[in-house]
Amino acid sequence: MLNKNKIMDCVILGSGPAGYTAAIYAARADLHPILFVGMQPGGQLTSTTKVDNYPGFSAGINGNELMENCKKQAERFNTIIIHKTITNVDFSDKKGGIHRVYMKNEENIESKGIIIATGSSPKFLGMDKEKKFLGLGVSFCATCDGFFHKEKDVAVIGGGDTALEEASYLSKICRNVYLVVRKNYFRASKALQDRISKINNVNIFFCSQITKIMGNDFLEGIQIFNTRNKISRTILISGLFIAIGHSPNTKLFKNKLNLDERGYIIVEKGSTRTNKPGIFAAGDVQDPTYRQAITSAGTGCMAALDLEKYLCLC
Ligand code: NDP
């Protein structure tokens, strides 16, 4: 049970691999963590199908199932899980100081330590009609929305691991998948490139940029421009899956913590310590480089250990 008048040792913001791992470690260290699940319970893995590269699952594991297991494990050690949105934070500058996280109606919780594991969100292209057609053909998640385009033609934008995973998944449901890549090479891993090159109904357009999103009430097509031969073409599609990377979820922490130019939380090298005492960051929110489920989990563990040490020294 949550006692709102008590000053807590550990509040965790976010419920991806970093958040849950931090909770498991903090709970086992008797820090009685409270975890706010955030906007996307379970984090980004809940929008992938099979996770093949998380150690310990020799046959792979469904992303939702993996996160559900992490949640149960955190609960087994009595982590309190809260389904409310944080609207503001107030971080103390002092060592041993008390921090506050606010929910709606100024309701707040005080804690000596906070672990930020709010992850990142997919980026928009920034084009006309992109937001208007969200849910009306435009999507960020093939596993969530691919079914609506059964036996139809769709396009995926991007050349990284996410785009190739999405294209591979959609190729099993849709008639044709057009993969639009802005450079003349992929950024994705070699293994995924090999897999995609063997799929007959994935058509790859390198050196291509999307110049127009077409349709009136819902998505009907896109126009793409080939930057090499300068030719434009129209592709009629019912689904457009955008997979062009992510931005860190750090809006709440702007002007409260040191962020880099892309908005990632800056942590001390080799640790999860931010510039404020008692505030730690783990997972994608502080990692523009690796961004893997396993590295997120690893930094979640580090954050709980860093916090435990911090509390002992206060
Ligand atoms: P990435 O940042 O790796 O790739 C983004 C892709 O989108 C790049 O090809 C980039 O092109 C392209 N892009 C960016 N902006 C635009 C734009 N405005 N218009 C068109 N194209 C654009 O993001 P991902 O989400 O693919 O991957 C993120 C991380 O997650 C990576 O570390 C990846 O390894 C990991 N991941 C791992 C998976 C796995 O292991 N199975 C699955 C999914 C993700 P350019 O190259 O020109 O910049």
Side-chain angles (χ1 to χ4, degrees), residues 16-18 40 42-57 59-64 66-67 119-131 138-144 146 155-171 177-196 199 202 204-213 222-228 232 235 237 240-249 260-264 283-299:
Q40 189 181 11
Q44 283 181 54
L45 280 189
T46 57
S47 56
T48 61
T49 38
K50 202 169 165 198
V51 180
D52 262 333
N53 52 11
Y54 200 91
F57 300 94
I61 181 165
N62 176 284
N64 272 296
L66 177 59
M67 293 323 299
S120 59
S121 296
K123 279 186 196 160
F124 283 88
L125 287 161
M127 297 190 64
D128 262 8
K129 296 193 176 171
E130 185 184 17
K131 286 192 176 155
V138 172
S139 170
F140 289 97
C141 175
T143 51
C144 319
V156 176
I157 313 292
D161 284 335
T162 306
L164 271 61
E165 289 270 19
E166 299 278 82
S168 165
Y169 177 81
L170 289 164
S171 70
V177 179
Y178 302 102
L179 182 55
V180 182
V181 186
R182 69 177 174 184
K183 292 210 175 109
N184 65 347
Y185 58 87
F186 288 120
R187 193 192 285 200
S189 68
K190 183 77 175 57
L192 273 171
Q193 291 187 40
D194 287 347
R195 199 205 302 169
I196 214 80
I199 305 175
V202 174
I204 303 163
F205 294 100
F206 283 113
C207 301
S208 294
Q209 284 175 358
I210 176 164
T211 48
K212 197 172 175 187
I213 295 177
I222 52 170
Q223 214 168 58
I224 59 170
F225 176 70
N226 186 308
T227 50
R228 200 155 39 183
S232 276
I235 309 176
I237 46 167
L240 173 64
F241 292 83
I242 301 168
I244 60 166
H246 294 81
S247 311
N249 295 324
D260 74 7
E261 68 287 350
R262 285 168 293 180
Y264 287 89
D284 284 10
V285 77
Q286 53 81 55
D287 172 20
T289 312
Y290 301 103
R291 295 175 293 177
Q292 304 295 306
I294 189 66
T295 50
S296 285
T299 53

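FYI, side chains are in, hydrogens and waters are out, and symmetry mates aren't considered; it's all heavy atoms of this structure. Order of appearance sets the numbers: ligands from 1, and atoms from 1 within every ligand.
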**Q** Suppose we measure from atom 24 (P) of ligand 1 to each protein heavy atom; which comes out shortest, and what is that distance?
**A**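 Here the closest protein heavy atom is Thr162 OG1, 3.1 Å.
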
**Q** Enumerate the atoms of ligand 1 whose separation from the nearest heavy atom of Lys183 is less than 4.0 angstrom.
**A**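 Close to Lys183: 45 (P), 46 (O), 47 (O), 48 (O).
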
**Q** Does Phe186 form a side chain to side chain contact (heavy atoms under 4.5 Å, CB included) with Leu164? I'd like the steps, not just the answer.
**A** CA-CA 9 Å; Phe186 288 120; Leu164 271 61; 3.6 Å; yes

**Q** Could you report the tightest heavy-atom contact between Pro17 and Met67, atom names first, then the distance?
**A**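 Nearest heavy atoms, Pro17 then Met67: N-CE, 3.5 Å.
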
**Q** Look at atom 35 (C) of ligand 1 and say which protein heavy atom is nearest, naming residue and atom and giving the distance to 0.1 Å.
**A**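 Protein heavy atom at minimum distance: Gln292 NE2, 3.3 Å.
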
**Q** Quick one: does ligand 1 sit under 4.0 Å from the side chain of Lys123, the backbone, both or neither, non-hydrogen atoms only?
**A**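 It is neither; nothing of Lys123 touches ligand 1.
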
**Q** Number the atoms of ligand 1 from 1 as they appear, then name those within less than 4.0 Å of a heavy atom of Gly159, with their elements.
**A**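 Once the distances to Gly159 are compared, the set is 6 (C), 7 (O), 8 (C), 9 (O).
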
**Q** Is it the case that ligand 1 has an N or O less than 3.5 angstrom from some N or O of Ile157?
**A**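 Ile157 vs ligand 1: no N/O contact under 3.5 Å.
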
**Q** Just to confirm my output: which protein heavy-atom neighbour is closest to atom 30 (O) of ligand 1, and how far is it?
**A**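 Atom 30 (O) of ligand 1 sits closest to the protein heavy atom Arg291 O, 3.7 Å.
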
**Q** Against ligand 1, does Tyr290 come closer than 4.0 Å with any heavy atom?
**A**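 The answer is yes, since Tyr290 has a heavy atom less than 4.0 Å from ligand 1.
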
**Q** Can a cation-pi geometry be assigned to Lys131 and Phe124, taking NZ or CZ under 6.0 Å from the six-membered ring centre and within 45° of the ring axis?
**A**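 Satisfied, under 6.0 Å and within 45°.
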
**Q** Closest heavy-atom contact between Phe140 and Glu166?
**A**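 Heavy-atom minimum between the residues: O-OE2, 3.6 Å.
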
**Q** Between Ile222 and Lys212, does a side chain to side chain contact (heavy atoms under 4.5 Å, CB included) hold up when you go through it step by step?
**A** CA-CA 6 Å; Ile222 52 170; Lys212 197 172 175 187; over 6 Å; no

**Q** Which heavy atom of Asp284 sits nearest to which heavy atom of Tyr264, and what is that distance?
**A**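 Scanning both residues completely, I find the closest heavy atoms to be O-CE2, 3.2 Å.
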
**Q** For ligand 1, which part of Ala243 has a heavy atom less than 4.0 Å away: the side chain, the backbone, both, or neither?
**A**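 Only the backbone of Ala243 comes within reach of ligand 1.
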
**Q** Can you pull out the closest protein heavy atom to atom 23 (O) of ligand 1? Residue, atom name and distance to 0.1 Å, please.
**A**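 Protein heavy atom with the smallest distance to atom 23 (O) of ligand 1: Gly245 CA, 3.5 Å.
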
**Q** Quick test: of every protein heavy atom, which one is nearest to atom 17 (C) of ligand 1, and how far off is it to 0.1 Å?
**A**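 Checking every protein heavy atom, the shortest distance to atom 17 (C) of ligand 1 gives Arg182 NH1, 3.5 Å.
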
**Q** Taking 4.0 angstrom as the limit and counting only heavy atoms of Glu165, give me the atoms of ligand 1 inside it, by number and element.
**A**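 Atoms satisfying the 4.0 Å criterion: 39 (C), 41 (N), 42 (C).
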
**Q** Closest by any non-hydrogen atom to atom 12 (C) of ligand 1: pick that one out of Leu164, Thr295, Ile244, Leu45.
**A**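 Comparing heavy atoms across Leu164, Thr295, Ile244, Leu45, the nearest one to atom 12 (C) of ligand 1 lies in Ile244.
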
**Q** With atoms numbered from 1 as shown, which atoms in ligand 1 lie under 4.0 angstrom from a non-hydrogen atom of His246?
**A**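 Near His246, meaning under 4.0 Å from one of its heavy atoms, ligand 1 has 25 (O).
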
**Q** Specify the protein heavy atom at minimum distance from atom 10 (C) of ligand 1: its residue, its atom name, and the distance to 0.1 Å.
**A**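 Answer, as residue, atom name and distance: Arg187 NH2, 4.0 Å.
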
**Q** Take atom CG of Asp128 as the centre, draw a 6.0 Å sphere, and report whether it contains more than 12 heavy atoms from other residues, nucleotides or ligands.
**A**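 Counting other residues, nucleotides and ligands, CG of Asp128 stays at 12 neighbours or fewer.
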
**Q** Indicate whether the side chain of Gln44 and that of Ser120 have a donor and an acceptor atom separated by less than 3.5 Å.
**A**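 On atom types as modelled, these side chains qualify, holding a pair under 3.5 Å.
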
**Q** What is the minimum heavy-atom distance between Gly158 and Val181, and which atoms define it?
**A**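 Minimum heavy-atom contact is O-CG2, 3.8 Å.
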
**Q** Can you name the nearest heavy-atom pair linking Arg187 to Gly160, along with the distance?
**A**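 So the minimum-distance heavy-atom pair works out to CB-CA, 4.2 Å.
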
**Q** Would Tyr54 and Leu66 satisfy side chain to side chain contact (heavy atoms under 4.5 Å, CB included), going step by step from the backbone distance to the final call?
**A** CA-CA 9 Å; Tyr54 200 91; Leu66 177 59; 4.0 Å; yes

**Q** Under a 4.0 angstrom heavy-atom cut-off, which atoms of ligand 1 come close to Gly158?
**A**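 Counting from 1, the qualifying ligand atoms are 7 (O).
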
**Q** Looking only at protein heavy atoms, which one is nearest to atom 38 (C) of ligand 1, and what is the separation?
**A**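 Checking every protein heavy atom, the shortest distance to atom 38 (C) of ligand 1 gives Asp161 CB, 3.7 Å.
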
**Q** Before you tell me yes or no, could you show the steps for Thr289 and Thr295 under side chain to side chain contact (heavy atoms under 4.5 Å, CB included), namely the whole-Å CA-CA distance, both residues' side-chain angles and the distance that decides it to 0.1 Å?
**A** CA-CA 10 Å; Thr289 312; Thr295 50; over 6 Å; no

**Q** I need the nearest protein heavy-atom contact for atom 39 (C) of ligand 1: residue, atom name and distance, please.
**A**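 In this structure, atom 39 (C) of ligand 1 has Asn53 ND2, 3.6 Å as its nearest protein heavy atom.
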
**Q** Between Leu125 and ligand 1, find which residue part has any heavy-atom pair under 4.0 Å and reply side chain, backbone, both or neither.
**A**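 The answer is the side chain of Leu125.
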
